[in-house]
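Working notes, beginning with the structure itself.
Below, chain A is the first sequence line, B the second, and so on; all start at residue 1. The basis for the numbers below is simple: all heavy atoms, side chains too, and nothing from hydrogens, waters or symmetry mates.
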There are 2 protein chains.
Amino acid sequence: MKYIEKLRNSGLRPTKQRLKICEVLFDTEKTFHFTINDLSNKIKKQLNNKISLATIYNTVHAFEKKGYLKQIPINSNQTYFDTNVSDHHHFYDLNEQKLIDLENSDVGPIKILKKIEGKKIKSVEVLVKLED
Amino acid sequence: MKYIEKLRNSGLRPTKQRLKICEVLFDTEKTFHFTINDLSNKIKKQLNNKISLATIYNTVHAFEKKGYLKQIPINSNQTYFDTNVSDHHHFYDLNEQKLIDLENSDVGPIKILKKIEGKKIKSVEVLVKLED
DNA sequence: CACTTTTTTTAGAATCATTATAAAGTAGAA
DNA sequence: TTCTACTTTATAATGATTCTAAAAAAAGTG
């Protein structure tokens with residue numbers, strides 16, 4: 001199965017629960033944004049299946065560490081994740097509290113001119129806040 | 001007093017506690033980053049004065065709404081604020097968990113090419129994650 | 001000044017996302 | 001199968017933030 005490798009790479013054994021989580025996360029054409037709570041609900045509805053929060057947290061964090069999911073840097077009481085792990089950015093609609101993808105090509109090239117001794121750049125993320 | 005206007009503009013009357021908060025926030029040459037907890041401790045040490053968390057939260061949020069403080073979009077369990085409200089960006093050192101200012105001039109101009117119907121851009125914020 | 005009304009501060013409780021825990025379940029190797 | 005190590009789970013713990021209601025302070029009024 002195609003998700004087994006993703007799990008193994010993330011240091012996780014392919015269990016029933018983890019495979020279900022993979023299905024919901026990766027078995028779609030479109031990528032999407034979610035919170036842990038969103039994901040839990042999606043699993044309940046879509047698969048008619050309850051997986052404990054602890055398992056969901058563990059799995060999502062393992063994927064995030066390996067780069068199969070991305071955290072979206074935004075101030076909210078919940079943490080937002082993205083199944084789109086390509087280099088891209090986000091609009092955040094303040095009124096509707098909704099995230100929208102901004103492809104890299106929608107944002108001009110970004111040059112970081114300042115250097116910090118002994119550190120290298122891991123990622124550059126742009127958040128564009130929108131209002132009415 | 002110079003802070004009275006800031007408070008009034010934010011819809012707050014100038015009380016003893018709020019003026020103390022202003023002192024710690026705005027009475028320095030250098031701008032700085034802080035969490036509510038940082039600020040509370042700074043008030044204790046620097047002014048030898050305890051102000052309840054509720055008051056600090058209220059005041060900081062009022063200033064943030066008026067633009068006298070900025071929230072820094074970053075995923076953390078605590079919310080980070082910045083007394084530097086000029087247009088600028090941030091490095092985030094993942095290893096030391098420290099924020100560093102990135103002046104606008106340190107980042108090339110950013111062009112957002114995508115438009116969203118009926119929405120206007122309120123801010124563009126760049127977060128550059130650093131690792132060793 | 002009194003006295004009333006409104007606003008503010010405060011400590012502590014409530015909330016809520018996230019993390020930790022420990023017991024019961026499951027997978028994989030021998 | 002049987003043993004061992006890893007997983008899942010429900011539930012508790014944690015910790016930042018928000019809420020609350022009572023006491024304190026400030027403003028308004030005669």
A:Ser40 and A:Asn37: side-chain donor and acceptor closer than 3.5 Å? no

Nearest to the B:Gln78 side chain among D:dA10, D:dA16, C:dT9, which nucleotide is it? D:dA16

Taking CD1 from A:Ile51 and P from C:dT26, how many angstroms apart are they, rounded to a whole number? 14 Å

If the cut-off is 4.0 Å, is B:Thr79 near the phosphate of D:dT17, judged by side-chain N/O to OP1 or OP2? yes

Once base and sugar-phosphate atoms are separated, protein heavy atoms under 4.0 Å mark nucleotides 18-27 of chain D, 5' to 3', with B, S and - as BB-------S

For the residue pair A:Lys6 and A:Phe26, would you count it as a cation-pi contact if the rule is NZ or CZ under 6.0 angstrom from the ring centre and within 45 degrees of the ring axis? yes

Separation of C:dA17 P from A:Asn41 CG (nearest whole Å): 11 Å

Can you confirm whether more than 12 heavy atoms, excluding those of A:Lys114, are under 6.0 Å from its NZ atom? yes

When rounded to whole Å, the NZ to C1' distance for the pair A:Lys20 and D:dT8 reads 15 Å

Within this structure, what is the CG-to-C1' distance between A:Leu7 and D:dT7, rounded to whole angstrom? 13 Å

Under 3.5 Å, side chain of B:Asn104 to main-chain N/O of B:Asp87, donor-acceptor pair present? yes

So does B:Lys50 get a side-chain nitrogen or oxygen closer than 4.0 Å to the phosphate oxygens (OP1/OP2) of C:dA11? yes

Decide whether B:Thr35 and B:Asp38 meet the rule of one side-chain donor and one side-chain acceptor closer than 3.5 Å. yes

Atom pair distance, as rounded to whole Å: CD1 in B:Ile36 and C1' in D:dG15: 14 Å

Considering every strand and a 4.0 Å limit on heavy-atom distances, what is the contact class for B:Leu12: base, sugar-phosphate, or nothing? nothing

Starting at atom CG of B:Asn75, determine the distance to atom C1' of C:dT18, rounded to an integer number of angstrom. 13 Å

Please tell me whether A:Ser123 and A:Glu125 have a donor and an acceptor in their side chains that are separated by less than 3.5 angstrom. yes

Whole angstrom is fine here: how far is it from CZ in B:Phe34 over to P in D:dT17? 11 Å

For DNA chain D, whose closest nucleotide is more 5', that of A:Asn58 or that of B:Asn37? A:Asn58

Tell me, with the steps shown, if B:His90 and B:Asp101 meet side-chain contact (heavy atoms from CB on, under 4.5 Å). CA-CA 5 Å; B:His90 294 94; B:Asp101 275 350; 3.1 Å; yes

Atom CG of B:Asn77 and atom P of C:dT19 are separated, to the nearest Å, by 8 Å

